[in-house]
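Working notes, beginning with the structure itself.
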Amino acid sequence: MSDPVAHRRILAPLRAAMYDWTEGGVRAALRAVFANDATFHMCHPFGDLTGAHAFHDAVCGPLHRAMPDVERRDWITMAGRDESGADWIGAGGTYVGTFVAPFLDIPPTGHLAHMRFHEYFRVVDGRIAEMQAIWDIPELMMQARAWPMAPSLGRDWAVPGPITQDGLRNGPYDDVQSAASRAHVTDMLAAMVRHPREPVAAMQLDRFWHPRFTWYGPAGIGTGRGVSGFRNWHQVPFLSAMPDRGRYPDEVRHHFFADGPYVAVTGWPDMMQTISGAGWLGIAASGQKVAMRSLDFWRIEAGLIRENWVLVDLLHMYDQIGVDVLGRMREFNRSRRTGPVALADEVR
């Protein structure tokens, strides 16, 4: 039987190990919470991995070597059942540490750095069988002044957690509120995809969104505030470039689940559309159909969406149109020192 309260606790050993991060502690926690044959769907360039050992060696280990004092800071952890009956945990937060050695060849800064994560975990028999996750690698590249692509239209910053500071869900699971929250978001999305085939009014934005909502987009797109910020800095360029958004439902998969006022969606991929117009991210119209991974959290307040955290696997999208962002970054930084940064223990 599904038990969201118990499922919230499954991730606790890993969260604790990644807060006081040691290699041995994180390895042990991964073995404890993941099934032996667990599948890890990671953002580009990591790809798909099988087993906790492979995930540690390819993903966690390199991050720890780049930031030896790295710590995991969750500001959302929630659990719920999706529309097909699968049990999920959602976690959003930031990895923070002193960036002293290269990570994916991103040059270290010697300073405190942050990288947002959205991670979703499918639970089977009390252990995690699947992970779908995006780390905001472009955010780290920007802090290193190594982002080689077009600047964001929105605001790039250290994205905060919920205003209400109640994202770490605990206490009883509220079935009624959770169902209402999920229905609000799915109804909103059903209205959203009516545009641009229909006028802007078809999205009924006032029905679903709080007047002061904040849309926390990924680095490369940035954050927008209210309808004007959302439309100007994200939606209008996005739909101008890809007006067939939402027209290929049979080629994508969504897992919606909710926990009180919080709603999450994951899918690998959960969007499919064609870059038929120019402008989004400075990309020319290629006429190419691309699969996109967008992992979201929403927070409902007084019956309206007040906050929406969005991560998109932009490096994967660029890769599909033949743009190697990490390769371009290496060329962009060819004249820079990119080795480890040595910081003295004592400053005189």
When you look at Arg127 and Asp125, which way does the salt bridge (Lys or Arg N to Asp or Glu O under 4.0 Å) test go after all the steps?
CA-CA 6 Å; Arg127 301 187 77 186; Asp125 296 330; over 6 Å; no

Would you say the side-chain atoms of [X] pair up with the backbone N or O of [Y], donor to acceptor, closer than 3.5 Å?
| X | Y | answer |
| --- | --- | --- |
| Ser286 | Gln288 | yes |
| Arg81 | Gly85 | yes |
| Arg247 | Pro243 | yes |
| Glu23 | Gly61 | no |
| Thr94 | Val96 | no |
| Arg330 | Val325 | no |
| His56 | Leu30 | no |

Salt bridge (Lys or Arg N to Asp or Glu O under 4.0 Å) between Glu119 and Arg15: does it pass, once the steps are laid out?
CA-CA 12 Å; Glu119 299 175 351; Arg15 291 177 54 216; over 6 Å; no

Can Ile89 and Thr77 be said to form a side-chain contact (heavy atoms from CB on, under 4.5 Å), step by step?
CA-CA 7 Å; Ile89 304 165; Thr77 58; 5.6 Å; no

If you count heavy atoms of other groups shown closer than 6.0 angstrom to [atom1] of [X], is the number above 12?
| X | atom1 | result |
| --- | --- | --- |
| Tyr19 | OH | no |
| Arg145 | CZ | no |
| Asp206 | CG | no |
| Arg328 | CZ | no |

Go through the steps to decide whether Trp135 and His118 satisfy the test side-chain contact (heavy atoms from CB on, under 4.5 Å), and finish with yes or no.
CA-CA 7 Å; Trp135 290 5; His118 290 185; over 6 Å; no

Residue pair [X] / [Y], side-chain donor-acceptor N/O under 3.5 Å:
| X | Y | result |
| --- | --- | --- |
| Ser294 | Asp296 | yes |
| Thr223 | Arg155 | no |
| Ser178 | Asp174 | no |
| Asp3 | His7 | no |
| Glu139 | His114 | yes |
| Thr98 | Asp69 | yes |

Cluster companions of Ile76 among Ile, Leu, Val, Met, Phe, Trp, Tyr (side-chain spacing under 4.5 Å):
Trp75, Met78, Trp88, Tyr120, Ile134, Trp157, Val159, Tyr216, Phe257, Tyr262, Trp268, Leu295, Phe297, Trp309, Leu311

Answer whether the closest heavy-atom distance between the side chains of [X] and [Y] falls below 4.5 Å.
| X | Y | result |
| --- | --- | --- |
| Ile137 | Pro45 | yes |
| Trp209 | Leu304 | no |
| Ile163 | Thr214 | no |
| Leu168 | Asn170 | no |
| Met131 | His41 | no |
| Met18 | Val26 | yes |
| Arg293 | Thr266 | no |
| Gln132 | Glu130 | yes |

Looking at [X] and [Y], what are the two nearest heavy atoms and their distance?
| X | Y | answer |
| --- | --- | --- |
| Val193 | Gly246 | CG1-CA, 4.5 Å |
| Ala17 | Ala29 | CB-CB, 3.7 Å |
| Pro138 | Leu315 | CG-CD2, 4.2 Å |
| Ala66 | Pro102 | CB-O, 3.7 Å |
| Ala113 | Leu140 | CB-CD1, 3.7 Å |
| His316 | His44 | N-CB, 3.6 Å |

Under the side-chain contact (heavy atoms from CB on, under 4.5 Å) criterion, do Leu63 and Trp21 qualify, and how do the steps go?
CA-CA 11 Å; Leu63 178 63; Trp21 196 307; 4.2 Å; yes

For Arg207 and His184: C-alpha separation, side-chain torsions, deciding distance, then whether side-chain contact (heavy atoms from CB on, under 4.5 Å) applies.
CA-CA 10 Å; Arg207 174 187 166 195; His184 186 85; 5.8 Å; no

Determine the sole option in Leu326, Asn333, Asp136, Asp105 for which the side-chain contact (heavy atoms from CB on, under 4.5 Å) test with Met141 is passed.
Leu326

Set out, in order, the CA-CA distance, both residues' side-chain angles and the distance that settles salt bridge (Lys or Arg N to Asp or Glu O under 4.0 Å) for Asp82 and Arg122, then state yes or no.
CA-CA 10 Å; Asp82 72 13; Arg122 183 170 58 86; over 6 Å; no

Would you kindly confirm whether [X] and [Y] end up in one hydrophobic cluster when ILVMFWY residues are joined by side chain heavy atoms under 4.5 Å apart?
| X | Y | result |
| --- | --- | --- |
| Leu314 | Met149 | yes |
| Val263 | Ile305 | yes |
| Met317 | Trp233 | no |
| Tyr95 | Phe46 | yes |
| Val323 | Ile106 | yes |

State plainly whether the residues Asp187 and Arg182 are in salt-bridge range, i.e. N to O under 4.0 Å.
no

Looking at Lys289 and Asp244, does any basic side-chain N land under 4.0 Å from a carboxylate oxygen?
no

Test log, rule side-chain hydrogen bond (donor to acceptor under 3.5 Å, both in side chains), inputs His53 and Arg27
CA-CA 7 Å; His53 179 77; Arg27 282 190 185 275; 3.2 Å; yes

Can you confirm if the aromatic rings of Trp280 and Phe238 lie within a centre distance of less than 6.0 Å?
yes

